[in-house]
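To start, the structure under review is shown below, and the notes come after it.
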Number of protein chains: 2
Amino acid sequence: MYKEINKYVSKCISISEQELAYFNSLLKYKKVKKKVILLKAGDVCDFEIYIIKGCIRVFYIDENGIEVDLFFAVEDWWVSDLASFSQRTPAKLFIQTLEESELLFIDFKSKEKLFAKIPSFEKLFRLMLQRTNETLINRLISNISKPAEERYKEFIKKYPTISQRVPQHLIAAYLGISAEFLSKIRKRLSKK
Amino acid sequence: MYKEINKYVSKCISISEQELAYFNSLLKYKKVKKKVILLKAGDVCDFEIYIIKGCIRVFYIDENGIEVDLFFAVEDWWVSDLASFSQRTPAKLFIQTLEESELLFIDFKSKEKLFAKIPSFEKLFRLMLQRTNETLINRLISNISKPAEERYKEFIKKYPTISQRVPQHLIAAYLGISAEFLSKIRKRLSKK
DNA sequence: AAAAAACATTGAACTAGTTCAAGAAATCGT
DNA sequence: ACGATTTCTTGAACTAGTTCAATGTTTTTT
């Protein structure tokens with residue numbers, strides 16, 4: 001039994017010990033080194049990952065080879081390329097560990113079994129989806145309407161731990177600015 | 001019975017005539033004039049709207065009073081402020097008709113009844129959510145990594161009808177650029 | 001059909017953010 | 001503890017996009 005994830009699940013839906021045990025039996029535990037690519041674009045993503053410990057980035061590489069960071073995830077978060085996972089199509093995204101991480105994997109078939117056996121998990125995943133949605137909308141809004149300095153301040157305010165664990169040039173790629181410019185922003189802020 | 005929405009639903013999930021009839025009984029039809037505000041930030045959004053006919057925008061107004069257009073929707077699309085709707089919290093978004101529109105409304109309680117009575121609708125709404133998610137991710141990627149001209153070209157390619165029905169300055173607000181700059185881009189493109 | 005309102009274009013001056021190149025600082029693997 | 005790789009900073013020259021103000025065009029209202 002994996003206590004972290006069980007706590008996570010219990011917070012969102014009401015569930016019995018037995019059901020939790022079944023859920024846990026579907027998970028695969030893996031300890032993964034730093035900088036390991038867990039998914040590369042083109043492959044079908046056959047997992048959703050829950051992070052017990054560690055840090056992961058999800059990113060996209062555009063036609064010019066430029067990396068855009070979409071998400072950083074740490075303890076108690078989930079990551080996946082959901083479009084690929086749920087439609088069994090080739091992934092557009094890359095997923096990579098940034099630190100040595102302890103992860104729980106659930107694959108497509110297991111998730112289907114889970115939904116069939118314990119329908120309340122549908123709700124859990126729908127809630128997760130809804131939260132992702134909101135986050136994306138907020139991010140889109142600030143990307144469209146706010147200057148880089150504000151976006152950076154928002155970021156460190158919202159994700160204080162992440163901003164210390166993730167290298168700066170990746171944060172720049174997340175904010176949609178060059179690493180150099182982020183450095184200049186930081187200088188400007190430190191002077192105040 | 002509303003044939004358009006029934007066709008939409010039947011495409012996504014398998015459903016009986018009887019069930020469709022029940023679903024239709026929960027919908028409220030409204031014909032709405034041009035430029036009517038259907039939701040304003042601060043109110044709780046108690047509807048999801050299916051568009052039979054017409055055109056709608058969803059937008060955000062930031063601290064400086066600047067409008068950011070998040071979605072344009074036309075026939076056979078749904079709109080709502082989902083965060084507000086599903087958590088019964090004050091909306092952050094505005095929803096407004098751009099043309100005279102024929103709409104179907106479903107409210108929170110009716111949606112709950114619907115899910116209770118016909119669980120396959122859960123799947124339908126989850127699929128819709130997933131699609132929204134993908135769209136948002138793609139949009140974020142292009143907003144972060146592509147220059148305005150490309151974003152505009154992508155937009156007219158992806159939404160050829162919308163780009164002709166929606167005023168240009170709103171498209172600019174959607175792309176995250178000034179109306180003037182969009183005008184300059186269009187001039188540039190027309191010369192080629 | 002005229003007047004008003006909303007929408008689109010243009011140019012000039014400006015600013016936020018980029019690119020390139022080089023060097024400094026930190027961290028990693030053995 | 002070392003060199004090697006990765007990360008961070010800085011400045012100079014540049015470019016994409018903004019703002020403002022004025023003018024032109026289309027659509028709506030009466």
Side-chain angles (χ1 to χ4, degrees), chain A residues 32-37 54-55 57 59 62-69 72 96-101 142-156 162-191, chain B residues 32-37 54-55 57 59 62 64-69 72 96-101 142-156 162-192:
Chain A
V32 181
K33 290 248 167 68
K34 200 174 180 168
K35 296 211 183 180
V36 173
I37 298 277
C55 186
R57 69 190 274 240
F59 64 105
D62 75 11
E63 314 78 48
N64 313 312
I66 291 169
E67 297 184 6
V68 180
D69 280 281
F72 302 115
Q96 182 187 31
T97 53
L98 288 174
E99 302 174 355
E100 176 167 88
S101 303
S142 63
N143 246 292
I144 286 181
S145 69
K146 289 175 190 158
E149 180 170 326
E150 266 192 74
R151 263 143 55 210
Y152 176 63
K153 284 194 284 188
E154 267 177 17
F155 178 81
I156 50 178
I162 292 183
S163 65
Q164 284 174 337
R165 286 163 79 171
V166 171
Q168 243 182 74
H169 68 279
L170 296 184
I171 296 177
Y174 174 97
L175 296 172
I177 57 177
S178 67
E180 293 93 332
F181 190 53
L182 178 54
S183 176
K184 282 159 196 171
I185 288 174
R186 283 163 53 81
K187 193 180 179 186
R188 210 152 68 200
L189 291 176
S190 73
K191 277 184 184 162
Chain B
V32 182
K33 288 250 169 67
K34 202 175 178 165
K35 298 212 180 176
V36 173
I37 297 277
C55 185
R57 70 191 274 241
F59 63 104
D62 76 11
N64 313 313
I66 290 170
E67 298 185 5
V68 181
D69 279 281
F72 302 114
Q96 184 187 29
T97 53
L98 288 175
E99 302 172 356
E100 178 167 88
S101 304
S142 64
N143 246 292
I144 286 180
S145 69
K146 290 174 190 161
E149 180 170 326
E150 267 191 71
R151 262 145 52 212
Y152 177 62
K153 286 194 283 187
E154 267 177 17
F155 178 80
I156 48 178
I162 293 181
S163 64
Q164 284 174 338
R165 287 164 76 172
V166 171
Q168 243 182 75
H169 69 278
L170 296 184
I171 295 178
Y174 174 98
L175 295 172
I177 58 178
S178 67
E180 294 93 333
F181 191 53
L182 178 53
S183 174
K184 282 160 195 171
I185 287 175
R186 284 163 53 81
K187 195 183 179 189
R188 212 151 66 197
L189 291 176
S190 70
K191 280 185 182 163
K192 292 184 184 167

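Keep in mind that this is a model prediction, so the values were computed, not measured. Proteins come first, then strands; the chains are lettered A, B, ... in the order of their sequence lines, and each starts at number 1.
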note: B:I185, atom CD1; D:dT15, atom C1'; distance rounded to Å ~ 13 Å

Practice prompt. Check whether any side-chain N or O of A:R186 sits under 4.0 Å from OP1 or OP2 of D:dT9, and answer yes or no.
Written response: yes

Scanning both residues in full, the closest heavy-atom pair of B:H169 with B:A179 reads CB-CB, 3.8 Å

Check the angle between the aromatic planes of A:F72 and A:F155 and answer parallel, tilted or perpendicular using the 30° and 60° thresholds. perpendicular

query = For B:K35, which contact category applies under a 4.0 Å heavy-atom criterion: base, sugar-phosphate, or nothing?
reply = sugar-phosphate

Whole-Å distance, A:K184 NZ to C:dA21 P, equals 14 Å

The nucleotide from C:dG17, D:dA16, C:dT10 with an atom nearest the side chain of B:K187 is C:dT10

Check your understanding: So, B:R186 and B:Y152: side-chain donor and acceptor under 3.5 Å apart, yes or no?
Key -> yes

In whole angstroms, the gap separating P of D:dT9 from NE2 of A:H169 amounts to 12 Å

DNA chain C nearest-nucleotide lookup for A:E180 and A:K146: closer to the 5′ end is A:K146

Of B:A179 and A:L182, the one whose closest nucleotide on DNA chain D sits nearer the 5' end is A:L182

Atom CD1 of A:I177 and atom P of D:dA16 are separated, to the nearest Å, by 18 Å

Taken to the nearest whole Å, CZ/B:F181 to P/C:dC7 is 22 Å

When B:K34 and B:S178 are each assigned the nearest nucleotide of DNA chain D, the 5'-most assignment goes to B:S178

Rounded to whole Å, CD of B:E99 lies from P of D:dT27 at a distance of 13 Å

Ranking D:dG17, C:dG17, D:dT10 by distance to the side chain of A:S183, first place goes to D:dT10

Tightest non-hydrogen contact, residues B:L182 and B:A172, listed as CD2-N, 3.8 Å

Picking from D:dT7, D:dG17, C:dG17, the nucleotide nearest the side-chain atoms of A:R151 would be C:dG17

Taking every heavy atom of A:K33 against every heavy atom of A:T97, the minimum-distance pair comes out as O-OG1, 2.7 Å

Taken to the nearest whole Å, CZ/B:R188 to P/C:dT9 is 14 Å

Whole-Å distance, A:I66 CD1 to C:dG17 P, equals 17 Å

Using a cut-off of strictly less than 4.0 Å, decide whether A:Q168 has a side-chain nitrogen or oxygen near OP1 or OP2 of D:dT6. no

